[in-house]
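These notes concern the structure reproduced below.
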Amino acid sequence: MNHAVTQEALQHADIAALTAQEHADASDAHALISHSVWRLLHNLGAPTGGRAMAFGHDPQILLSGDPARSELRDSEGFPLYSRWQATVPAPGAHRNMVGDAVPISRYPLNLETAPVFDVAVASMQYNDIRLRSREARVTRHRGFHIQAAEALTALAPGGHAVLLANHSILDFPDPQPWGELARVGDFLGAARLPSYALRSARACDAPVDVLVLRRREDPFPDPSLQFPSVQWSSEDGLHESTYFTDHPDRVLGTRDVGTDYWGMKQLAVHDPDRTWPGRLGATLDDIAHQHGAQRVPPSGPRPASPWPFPWRSATTRPPEEPPGPQL
């Protein structure tokens with residue numbers, strides 16, 4: 001099979017995966033995850049009644065914890081709004097936590113006129129599918145960093161973001177894309193969800209990471225809160241984040257590496273007994289225990305603009321090997 005034919009076949013495989021994800025329902029999983037996420041956010045210091053923003057897949061469900069809150073869609077089946085806002089619910093609230101979620105606007109959010117938020121939650125696009133063509137993988141990676149940086153800069157200093165993203169984001173072998181996020185935010189921790197945690201469709205088998213970030217208050221980065229580096233495993237033939245090497249208990253299942261039809265190495269996380277929901281809650285509780293608010297919130301008006309100060313990027317150890325075909 002020549003290169004041109006292979007590339008066309010990879011693109012068709014990507015379209016099939018995207019279509020499968022679009023037609024698979026993740027509402028129950030997002031509702032389940034939202035309860036652990038909101039407990040985490042409260043333990044990190046999110047103020048009841050503060051401003052919350054949600055975007056990506058099922059934003060209303062992430063805000064409310066209610067799987068019945070489906071997205072409003074147009075006649076072609078696309079979501080009418082990409083971002084929603086609501087007030088931060090009271091600690092311990094359960095189903096229907098948020099009753100007044102309202103749409104903000106279509107993407108992108110105008111940061112010059114946007115209000116300052118206390119928390120942001122998102123299930124990022126294309127997060128539990130494997131993309132084969134390089135163009136699609138690069139687009140997903142670039143899209144994550146654009147939207148994640150936008151969300152973080154829309155937060156008040158000290159605000160938190162919890163983002164569900166494809167595992168390839170943390171496993172990406174080039175640290176350069178983290179520069180914008182590292183300029184304004186701290187990495188507090190992550191949990192790696194198993195394959196099929198969000199959707200049961202066959203194509204939705206990529207592990208998903210729950211990333212916990214904080215908008216930095218101090219212009220000087222804490223070296224212990226840098227975004228993690230990536231290492232190459234010659235045995236597995238994969239790049240993988242050192243974070244999960246250092247915290248194997250935060251991989252919520254049994255790690256496995258295989259080779260797909262295209263000869264690409266692929267990471268999988270198996271959890272046939274579905275123990276991950278309880279383990280996710282325990283992991284996020286542990287992250288909150290490490291980084292929970294130990295301060296009194298500042299008094300006075302919040303800053304008029306969410307734009308960051310010109311802080312320096314955190315440095316990340318370069319990979320031992322050049323990027324391979326798996327991004």
Side-chain angles (χ1 to χ4, degrees), residues 1-26 29-30 56-57 77 123-145 164-174 177 190-211 230-245 248 251-276 319-327:
M1 188 180 294
N2 63 44
H3 178 73
V5 173
T6 300
Q7 287 303 111
E8 183 177 358
L10 292 175
Q11 291 170 2
H12 282 299
D14 290 342
I15 293 172
L18 291 166
T19 302
Q21 187 194 55
E22 181 65 25
H23 288 88
D25 184 24
H30 284 139
H57 296 289
S123 182
M124 308 296 281
Q125 299 291 329
Y126 324 130
N127 55 7
D128 61 352
I129 57 175
R130 304 185 190 278
L131 298 176
R132 269 74 181 189
S133 68
R134 181 175 179 83
E135 293 80 4
R137 286 176 282 145
V138 168
T139 297
R140 173 170 60 189
H141 198 76
R142 184 181 299 119
F144 167 84
H145 282 279
L164 278 64
N166 186 272
H167 75 92
S168 66
I169 300 298
L170 272 190
D171 292 344
F172 190 71
D174 181 5
R192 179 154 286 179
L193 302 181
S195 304
Y196 302 110
L198 299 187
R199 300 170 179 84
S200 59
R202 183 176 179 181
C204 303
D205 64 336
V208 173
D209 292 342
V210 181
L211 309 177
V230 174
Q231 63 185 9
W232 167 260
S233 170
S234 57
E235 179 181 355
D236 292 336
L238 286 175
H239 289 94
E240 197 164 357
S241 172
T242 58
Y243 180 80
F244 294 110
T245 304
V251 177
L252 309 184
T254 304
R255 179 184 175 279
D256 186 27
V257 176
T259 303
D260 67 9
Y261 172 83
W262 309 102
M264 295 180 177
K265 293 288 187 178
Q266 301 287 1
L267 176 70
V269 177
H270 304 300
D271 179 32
D273 297 327
R274 286 186 64 82
T275 63
W276 69 264
E320 297 175 5
E321 297 286 338
Q326 60 285 334
L327 295 181

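Values below: every heavy atom of this structure, side chains too, minus hydrogens, waters and symmetry copies.
Nearest heavy-atom pair, A201 versus A20, reported as atom, atom and distance to 0.1 Å: CB-O, 4.4 Å. In terms of heavy-atom proximity, P177 sits nearest to F172 at CG-CE2, 3.9 Å. Across every non-hydrogen atom of A203 and A17, the tightest pair is CB-CA, 4.1 Å.
In this structure, D260 contributes its side chain and W262 its backbone to a donor-acceptor pair below 3.5 Å. A donor-acceptor pair is defined here as one N or O able to donate and one able to accept, closer than 3.5 Å; no such pair exists between the side chain of D271 and the backbone of P194. With hydrogens and angles ignored, the 3.5 Å screen pairs no side-chain donor or acceptor of H239 with any backbone N or O of P173.
With values rounded to the nearest 0.5 angstrom, F244 atom CZ is found 8.0 Å from L252 atom CG. In this structure, CD in Q266 is found 8.0 Å from CG in L238, a value given to the nearest 0.5 Å. Expressed to the nearest 0.5 Å, how far CG of D14 lies from OG1 of T19 amounts to 10.5 Å.
A search for side-chain contact (heavy atoms from CB on, under 4.5 Å) contacts involving Q125 returns H57, not counting sequence neighbours. Legend: residues meeting ring-ring contact (aromatic ring centres under 6.0 Å, His included) with H23, ordered by chain and number and at least two apart, are absent.
Contact of the H141 side chain with the D174 side chain is not registered, since no non-hydrogen atoms from C-beta on lie closer than 4.5 Å. Contact check for L131 versus T139: no side-chain heavy atoms found under the 4.5 Å cut-off. When side chains are defined from C-beta on, L193 does not count as touching V269, because their heavy atoms never get closer than 4.5 Å. With contacts defined as side-chain heavy-atom distances shorter than 4.5 Å, the pair N166/M124 does not qualify. For the pair K265 and V257, the minimum side-chain heavy-atom distance is below 4.5 Å.
Listed by first and then second residue, the salt bridge (Lys or Arg N to Asp or Glu O under 4.0 Å) pairs involving residues 198-211 are D128-R199, R130-D205, R192-D209 (not counting sequence neighbours).
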